[in-house]
**Q** 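Below you will find the structure I want to go over with you.
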Amino acid sequence: MSSGKKQTTLGRFFTLPPGTDVAVPIQSKLRAISTSSKPIDNENVASLKVEGTSSKPADNENVASPKVEGTPVKGTAAKRPKSSPDNKRPKKQMVASYSGETSSKPGSSSRHDEVDSGSEAEKPSLPPAAGREMLKKLAGDVPPAYSDWDPGKPTPYAALVTTFKLLEGTTKRLEKISHTSRFLRQVLRLSPDELLLVVHLMINKLAADFEGVEMGVGESLLMKAIGESCGRSLDKIREDHRECGDLGLVAMKSRNNQLTIFAPQPLTVAVVHKGLLDIAKVKGEGGQGRKVSAIRKLLAAAKGDEAKFLIRGLEGKLRLGLADRTVLVSLSSAFITHERELKGQKPNTAMLDEAELNLRSVYSELPSYEIIIPAIREHGIINVKQYCKLQPGVPVKPMLAKPTKAISEVLDRFENRRFTCEYKYDGERAQIHYVSPKSSIEYPPATLGGEPIKNLAKVFSRNSEDLSGKYPDILAAMNNWVRPEVESFVLDCEAVGLDEINNRLLPFQMLQTRKRKDVALEDVKIRVCVHAFDLLFLNGKPVVRESLSDRRKLMHETFIEVPNQFVFARYMDSSNLEEITVFLDQSVKDSCEGLMVKMMDGRESFYEPSQRSRNWLKIKKDYIDALGDSLDLVVIGAYWGKGKRTSVYGSFLLACYNLGTQSFESVCNIGTGFSEAELEEFYETLHPLEIDRAKPFYDHPNGNAGKPDVWFEPKVVWEVKAADLTLSPRYRAAAGLAGHRDKGVSLRFPRFIGPRTDKSGDDATSSSQIAEMYLRQDQVANKSAAKGVDDNFEY
DNA sequence: AATGCCTGCCC
DNA sequence: ATTCTGC
DNA sequence: GCAGAATGGGCAGGCATT
């Protein structure tokens with residue numbers, strides 16, 4: 001199933017007004033292939049059960065191994081192979097035609113493949129034929145999809161929406177880039193001053209993340225607005241939403257059924273942007289009502305698909321298969337093509353590649369379109385590098401890590417390279433920026449119309465939010481650990497909660513209770529220790545293109561460790577499997593999540609997230625098969641899926657079994673780990689088990705909040721994995737047994753591993769086992785060991 | 001003033 | 001966060 | 001392997017309701 005298909009897939013009972021082009025729901029087709037809907041209630045099912053309950057052809061790999069009864073703890077659960085590729089049901093052919101376009105051959109590689117293929121000296125070779133076709137399109141042989149508006153006049157919102165529709169019509173990334181680039185070029189040609197606005201609407205942002213502009217609008221308010229705007233009841237809207245899994249579609253449908261008396265003024269990109277900004281700004285008493293009426297006003301001016309994308313934008317999910325990274329590439333192509341066009345020429349492949357590499361590298365240092373776009377317009381995409389450099393005040397996108405399933409995988413990947421292992425701390429990412437008042441350099445403003453930066457101390461989050469107001473303690477202590485001669489720096493760290501009494505790190509759940517806004521130094525209750533692991537900028541110069549080995553050295557020379565305030569992340573440089581294993585174990589004992597593994601030398605160790613964002617590896621115990629907490633839980637409810645999960649269950653409510661009270665206590669929802677085929681299958685097998693209401697022996701809060709859309713007979717059991725067990729205000733599992741009067745236990749990062757067809761509902765993991773697993777955890781066990789009896793301690 | 005619901009943001 | 005999927 | 005889109009628990013903060 002591809003994203004393009006999903007976006008246009010509608011619910012089972014939902015129909016659109018005539019003239020709306022929408023793909024046939026795949027589910028109906030897949031369901032026809034699926035045969036058996038026999039409930040899984042048989043106790044004596046042995047090895048062949050999996051086949052009995054699915055439409056899969058016989059396949060030796062699908063034999064579920066029997067499992068020791070009654071021991072659903074760590075690592076004992078039977079492993080169930082995932083469906084092998086040849087099991088997959090035939091996929092629907094995608095209809096992705098637009099103006100005579102022939103799509104490129106499947107399997108053909110693109111120039112991006114070439115660029116990413118990883119050699120140290122990467123000079124892309126010529127792409128194969130299909131790629132060249134695409135490049136020609138990028139270079140502008142095809143006329144714009146939306147006819148030109150008057151130059152200098154506002155960009156019609158309809159033009160953007162036309163592009164969005166084209167994007168929905170294909171799953172191919174190169175085609176998406178082509179459409180996007182073509183439209184951006186049109187904007188550059190006709191209304192260049194609006195390019196920034198357009199790009200912002202494409203990535204669905206109103207301002208830089210660190211400016212803290214919040215929409216304050218979610219599903220609830222949107223449903224209200226759509227209902228009011230179209231004169232339909234909230235219940236009707238909810239019903240539609242359940243059926244088509246997308247509020248944008250609901251809005252479009254509702255508007256199309258509505259008689260419009262006055263033809264509204266056509267929306268422009270600028271008007272929409274301003275409208276959204278105004279909605280975001282609304283605050284205070286009666287604010288929600290004012291937000292709703294502002295949304296209504298925008299909606300009233302929206303025609304057809306405009307309503308769909310307006311609402312999707314407000315919901316924060318455009319579902320275009322187009323996000324930051326693809327826009328970045330499209331933008332580079334648009335600029336170079338536009339620049340060449342002005343000279344009556346076209347860019348060749350090398351130029352396109354150069355432009356892309358340039359923009360990626362610029363964005364890597366200074367991820368702010370607000371600054372980059374005007375700079376490119378002024379200096380050209382080839383020269384812009386000199387003008388846009390990493391600087392304090394603009395948060396860098398952080399390097400991320402790829403999960404690895406075994407230490408041996410790490411060794412394979414980094415074979416013959418020098419690498420380092422660092423503790424992976426369980427806190428909050430903190431990118432610390434600093435410019436000393438004594439600094440001789442003045443940095444450009446971080447935003448359009450902002451002040452130049454002379455003196456600054458800020459903390460940014462993993463997602464570039466400004467956390468300075470949350471961590472006044474970090475900022476106030478900086479003079480303890482920054483050498484006085486330091487002029488400026490950007491430092492990548494993890495802020496971790498500190499238990500000073502026991503001299504340990506606090507669990508994340510504890511750190512989370514810190515206040516967030518405008519915290520005064522005296523009000524800090526949870527102390528924090530900064531664990532620094534990388535240096536991105538020092539004394540006026542970016543160091544992201546130095547090797548990690550050099551960056552680390554610089555970092556150690558520049559800062560002073562102060563116990564419990566500022567330390568360097570603990571690390572070990574070894575390629576020895578056994579030593580790494582020991583270090584991993586040690587990290588867990590020290591309240592960490594596992595290890596980060598990073599290359600030490602060469603290009604691959606640079607800090608360039610837009611070039612290769614997942615160049616680091618992470619290894620945690622629960623990634624390793626046969627390690628980590630595994631539970632067998634009963635499916636007692638489900639929620640309707642949205643977006644690409646429309647018309648199947650998108651997530652499920654799971655429970656454990658309390659042997660004493662003979663009741664099923666809710667543990668968690670689960671929504672990841674399923675293949676699309678499995679989601680289809682589970683809809684088939686669970687739908688017949690739906691019941692009107694919760695069983696009296698289901699223990700789950702009564703409120704509307706966590707109530708599933710449907711309840712089930714307690715028959716189906718699944719194996720589920722989690723990183724940790726946590727105290728829960730919301731779930732009932734082992735309530736009271738974990739040493740905290742009313743709180744139950746839930747799972748951190750739960751994911752689906754496989755069905756346990758050999759188990760019936762009351763064979764599920766029991767409440768007491770869950771309590772035991774919770775109490776056994778290092779952080780819980782060690783805490784009371786150190787502190788003495790401490791069972792009434794409340795988080 | 002207390003409670004409940006919603007949203008955004010951490011992981 | 002974790003996981004799956006098309007390219 | 002990337003990029004995108006599904007989905008998790010749980011907290012503070014802000015508004016609405018009682």
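First the proteins, then the strands, lettered A, B, ... as listed; each starts at 1. The figures here come from the full heavy-atom set of this structure, side chains too, leaving out hydrogens, waters and symmetry mates. Not measured: the values here are computed from a predicted model.
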**Q** How about A/Y423 and A/E494: does a side-chain donor come under 3.5 Å of a side-chain acceptor?
**A** no
**Q** Quick one: label A/R516 by what it contacts on the DNA or RNA (base, sugar-phosphate, nothing), any heavy atom closer than 4.0 Å.
**A** base
**Q** Check every strand shown and say whether A/P729 touches a base, only sugar-phosphate, or nothing at a heavy-atom separation below 4.0 Å.
**A** sugar-phosphate
**Q** Between atom NZ in A/K644 and atom P in C/dT5, what is the gap in whole Å?
**A** 8 Å
**Q** Which comes earlier along DNA chain B counting from the 5' end, the contact point of A/A705 or that of A/N463, where each point is its nearest nucleotide?
**A** A/A705
**Q** Rounded to whole Å, please give me the gap between CD in A/E604 and P in D/dG1.
**A** 11 Å
**Q** Name the nucleic acid region contacted by A/G316, choosing base, sugar-phosphate or nothing; use a 4.0 angstrom heavy-atom cut-off, strictly under.
**A** nothing
**Q** Between C/dT2, B/dC10, B/dC6, which nucleotide has the shortest distance from any of its atoms to the side chain of A/K620?
**A** C/dT2
**Q** Among A/K644, A/K642, A/R319, which one satisfies salt bridge (Lys or Arg N to Asp or Glu O under 4.0 Å) with A/D246?
**A** A/R319
**Q** Side chain of A/R429, heavy atoms from C-beta onward: which of D/dG1, B/dC11, D/dG4 has the nearest atom to it?
**A** B/dC11
**Q** Compute whether any side-chain donor of one residue and acceptor of the other, for A/R730 and A/S746, lie under 3.5 angstrom apart.
**A** no
**Q** Would you classify A/L511 as touching base, sugar-phosphate or nothing, given that sugar-phosphate means primed atoms plus P, OP1 and OP2, and contacts are heavy atoms under 4.0 Å?
**A** nothing
**Q** Atom CG of A/L747 and atom P of D/dG10: how far apart are they, to the nearest Å?
**A** 9 Å
**Q** So what does A/K424 touch, heavy atoms closer than 4.0 Å: a base, only the sugar-phosphate, or nothing?
**A** sugar-phosphate
**Q** Looking at every strand, decide which applies to A/K470 at a 4.0 Å heavy-atom threshold: base, sugar-phosphate, or nothing.
**A** nothing
**Q** Counting side-chain heavy atoms from CB outward, which of D/dA3, D/dT7, B/dC11 is closest to A/E593?
**A** B/dC11
**Q** Give the nucleotide from the list D/dG8, C/dT3, D/dC2 with an atom nearest to the side chain of A/R612.
**A** D/dC2
**Q** Among the candidates D/dC11, D/dC2, D/dT7, find the nucleotide nearest to the side-chain atoms of A/T513.
**A** D/dC11
**Q** Between A/K721 (side chain only) and A/L627 (backbone N and O only), is there a donor and an acceptor less than 3.5 Å apart?
**A** yes
**Q** Would you mind reading off the distance between A/D709 atom CG and D/dT7 atom C1', rounded to a whole angstrom?
**A** 14 Å
**Q** Are A/S468 and A/D466 close enough that a side-chain donor and a side-chain acceptor fall under 3.5 Å?
**A** yes
**Q** Would you find a donor on one side and an acceptor on the other, under 3.5 Å apart, between the side chain of A/N204 and the backbone of A/G313?
**A** yes
**Q** Considering only side-chain heavy atoms of A/K317, which listed nucleotide, D/dG10, D/dA3, D/dT7, is closest?
**A** D/dT7
**Q** Ignoring hydrogens and angles, state whether a donor on the side chain of A/E608 or A/S361 is under 3.5 Å from an acceptor on the partner side chain.
**A** no
**Q** Could you tell me whether the side chain of A/Q512 has a donor or acceptor atom within less than 3.5 Å of a complementary atom in the base of D/dG10?
**A** yes
**Q** Over how many whole Å does the gap from A/M223 atom CE to B/dT7 atom P extend?
**A** 8 Å
**Q** Can you establish whether the number of heavy atoms outside A/D412 located under 6.0 Å from its atom CG is more than 12?
**A** yes
**Q** Closest to the A/D426 side chain: B/dG8, B/dC11, D/dA3?
**A** B/dC11
**Q** Any residue in residues 282-292 of chain A with a heavy atom nearer than 4.0 angstrom to DNA chain B? Just list them by number, or reply none.
**A** none
**Q** So, OP1 or OP2 of D/dG10: does either fall under 4.0 Å of a side-chain N or O from A/T726?
**A** yes
**Q** Rounded off to whole Å, could you give me the CG-to-P distance for the A/L679 and D/dA5 pair?
**A** 18 Å
**Q** Between atom CD in A/E175 and atom P in D/dG4, what is the gap in whole Å?
**A** 16 Å
**Q** Would the base of C/dT2 count as contacting A/T672 through its side chain, where contact means a donor and an acceptor less than 3.5 Å apart?
**A** yes
**Q** What contact category does A/L222 fall into here, base, sugar-phosphate, or nothing, at under 4.0 angstrom with non-hydrogen atoms?
**A** nothing
**Q** Look at all strands and tell whether A/N704 reaches a base, only sugar-phosphate, or nothing, counting heavy atoms closer than 4.0 Å.
**A** nothing
**Q** Select one nucleotide: of C/dT2, D/dG9, D/dT7, the one nearest the side-chain heavy atoms of A/K642.
**A** D/dT7
**Q** Give the nucleotide from the list B/dG8, B/dC11, D/dA3 with an atom nearest to the side chain of A/E214.
**A** B/dG8
**Q** Using atom types as modelled and distance alone, determine if a side-chain donor or acceptor of A/D518 lies under 3.5 Å from a backbone N or O of A/G469.
**A** no
**Q** Whole angstroms only, please: what is the CZ-P distance between A/R730 and D/dG9?
**A** 5 Å
**Q** Please figure out whether A/E219 or A/Y425 has its closest DNA chain B nucleotide nearer the 5' end.
**A** A/E219
**Q** Could you work out which one of D/dA3, D/dG14, D/dC11 sits closest to the side chain of A/R325?
**A** D/dA3
**Q** Would you mind classifying the nucleic acid contact of A/K721 as base, sugar-phosphate or nothing, using non-hydrogen atoms under 4.0 angstrom?
**A** nothing
**Q** Has A/T171 got a side-chain N or O lying under 4.0 Å from the OP1 or OP2 atom of C/dT5?
**A** no
**Q** A/Y649 pairs by ring pair (Phe, Tyr, Trp, His ring centres under 6.0 Å) with which of A/W640, A/F674, A/F682?
**A** A/W640
